[in-house]
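Below, each value reflects all heavy atoms present in this structure, side chains not excepted, and no hydrogens, waters or symmetry copies.
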Amino acid sequence: MGKEKHRLRRYIEDIEMIILGIETSCDETSVGVVDGDGFVLSNVVATQVDVHSRYGGIVPEVASRQHVLDMRPVCERAILESGIDWSDIDAVGVTYGPGLAGSLITGLNFSKALSSAISVPLVGVNHLEGHVYGAWIRTEENDPKPFQEHVGDKLIMCLIVSGGHTEIVLLEDHGKFRLLGETRDDAAGEAFDKAARVLGLRYPGGPEIQRVAQGAPTIEPLPRAWMKGTDDFSFSGLKTATLNRARSLGIYPPDNSVKEIDETIIAGLAKVFQDSVVDVLVTKTVEAALRENCAGIVLVGGVAANQALRETLVKKSPLPVGIPPLEFCTDNGAMIAMSGLVNYRHGRRDQWDLDVIPNLRIENTTFS
Ligand code: KG4
Ligand code: ZN
């Protein structure tokens, strides 16, 4: 143990810098520690899934209060697990938007206090950029270097799919994003969550739909909204089609007098729902990437944890694909640290007047 600590100490002293990332934009309190090479030293996530699942969705005030309770212990554990001391931290990166105002404020205030207490710069991070830079994260098991070397400084197409966003974004240069298309109604994750509710599955719906869809029988497909001639998406029609099919199959509304619904019926509907979302996301992203002469595609955000989406994109894309390991797809502090590192290197520093921006857009972020 003593030897290990000594080895760690030498390693920490050798590396160029250490950045701590703080994420509280939604229902996960998370702190990650990343070194100057994008290597993750720790990533601790306290999820509030159990707190919100009985409401079938996130209750903003409950989320803020839970962040208050979890923030300090999560941060202390991230420091402990990384093997660093507080004095090793060179910068604090923090999500300041987009997200729930009350949740963002908790993490931002904590970050201001921490950066001030240890006298290091505070670096604001756009949550969506954080997701994108999740694809740059290195761990013992994951080395994104071959992908990064392939794309070099060429254009990269990013598909950001989360509970609140579905966007096709062109990464022109580090920190320079161009929004090409987005959802006109529900986000992909939101669609998963709503469909799961109709199917009588728990919140969050994405992992549940993926679980039950495995090995499901083939039934008649659900429609796809192509939004032709644009890079936009729409999932509300699919939501309605899922609801109507659930009604006709007797799955919805739930009828307590019926003892058990045949699970294969639910599984079949979950599968055709997932197929429809995956097909549209993959087809449109590959089309956009080829049209814009991109060198590669990155798939990020909570929905990027979906196995069918990951596999289909890799199979259908003629370009190399970068996808973060599962742990760094859903909200996490390490991706905020990674994105904070990029911002820091481009000279971004924030002061005490940094405010939360709940509707922060991806192209709003600048290195300033
Ligand atoms: O990025 P994220 O953790 O939080 C936001 O920034 O919104 O994304 C959460 C969303 C939820 O809607 C959840 O249902 C979805 O990601 N999700 C998935 C999977 N895991 C999480 N959707 C489909 N398949 C999954 N395996
Ligand atoms: Zn997110």
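L299 and I323 make their closest contact through O-CG2, 3.5 Å (heavy atoms, listed as atom of the first residue, atom of the second, distance). What you find for C158 and L171 is that their closest heavy atoms are SG-CB, 3.9 Å. Closest non-hydrogen pair, A188 versus V303, comes out as C-CG2, 4.2 Å. Contact between I58 and A63 at its shortest, heavy atoms only, is CG2-CB, 4.2 Å. Looking at every heavy atom in both residues, I22 comes nearest to M71 through CG2-CE, 3.7 Å. Summarising the geometry of C26 relative to D331, their closest heavy-atom pair is CB-OD2, 4.0 Å, with the distance given to 0.1 Å.
Within a 6.0 Å radius of CZ in R77, no more than 12 heavy atoms belonging to other residues, nucleotides or ligands are found. By the neighbour-count criterion of 12 heavy atoms within 6.0 Å, atom CZ of R345 is densely surrounded, having more than that number from other residues, nucleotides or ligands. When the shell of 6.0 Å around CZ of R197 is examined, it contains 12 or fewer heavy atoms from other residues, nucleotides or ligands. With a 6.0 Å radius and a threshold of 12 heavy atoms from other residues, nucleotides or ligands, K154 has its NZ atom above the threshold.
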side-chain contact (heavy atoms from CB on, under 4.5 Å) between E167 and L128, worked out:
CA-CA 9 Å; E167 298 185 353; L128 299 172; 3.8 Å; yes

If you apply the rule side-chain contact (heavy atoms from CB on, under 4.5 Å), what do you find for L170 with F177, and how did you get there?
CA-CA 6 Å; L170 188 61; F177 296 87; over 6 Å; no

Check against salt bridge (charged side-chain N to carboxylate O under 4.0 Å, His left out), D231 and K284:
CA-CA 7 Å; D231 290 322; K284 296 199 69 155; 5.7 Å; no

Before you tell me yes or no, could you show the steps for K176 and E129 under salt bridge (charged side-chain N to carboxylate O under 4.0 Å, His left out), namely the whole-Å CA-CA distance, both residues' side-chain angles and the distance that decides it to 0.1 Å?
CA-CA 10 Å; K176 205 166 160 234; E129 292 188 14; over 6 Å; no

E61 and R65: salt bridge (charged side-chain N to carboxylate O under 4.0 Å, His left out), yes or no, with the steps?
CA-CA 6 Å; E61 190 187 326; R65 286 162 181 250; 2.9 Å; yes

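The shortest distance between side-chain heavy atoms of F192 and Q274 falls below 4.5 Å. At least one side-chain heavy atom of R224 sits less than 4.5 Å from a side-chain heavy atom of D275. Y96 has its side chain out of reach of I105: every pair of non-hydrogen atoms, C-beta onward, lies at least 4.5 Å apart. Residues L114 and W86 are in side-chain contact: their nearest non-hydrogen atoms beyond the backbone lie under 4.5 Å apart. In this structure, the side chains of V161 and L309 come closer than 4.5 Å at one or more pairs of heavy atoms.
Criterion: ILVMFWY side-chain heavy atoms under 4.5 Å apart, direct or through other members. Under it, V198 and I266 are not part of a common hydrophobic cluster. Note: the hydrophobic cluster containing V45 does not contain L80 (ILVMFWY, side chain heavy atoms under 4.5 Å, direct or indirect links).
Salt-bridge check for K194 with E190: passed, with a basic side-chain N closer than 4.0 Å to an acidic carboxylate O.
Side-chain contact annotation: N332 with E28, donor-acceptor N/O pair under 3.5 Å absent. Under the 3.5 Å distance criterion, with hydrogens and angles disregarded, no donor-acceptor pair is assigned to the side chains of T24 and H67. Side-chain contact, S234 with D185: a donor N or O sits under 3.5 Å from an acceptor N or O. Side chains of E23 and H127: a donor-acceptor N/O pair is present below 3.5 angstrom, by distance only.
Taking the six-membered ring for Trp and thresholds of 30 and 60 degrees, H174 and W136 have ring planes more than 60 degrees apart, a perpendicular arrangement.
D350 places no side-chain N or O within 3.5 Å of a backbone atom of V123 that could act as its donor or acceptor partner. Judged by distance alone, the side chain of S115 and the main-chain N or O of K112 form a donor-acceptor pair under 3.5 Å. A donor-acceptor pair under 3.5 Å is absent between the side-chain atoms of D193 and the main chain of P204, judged by distance alone.
Judged by the 6.0 Å distance and 45° axis criteria, R349 is positioned over the aromatic ring of Y344.
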Kindly list each side-chain donor-acceptor pair under 3.5 angstrom involving residues 143-153, sequence neighbours excluded, with atom names and distances?
unit_1: D143; atom_1: OD1; unit_2: K145; atom_2: N; d: 3.0
unit_1: H150; atom_1: NE2; unit_2: A295; atom_2: O; d: 3.2

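Aromatic ring centres of Y55 and Y203 lie farther apart than the 6.0 Å criterion allows.
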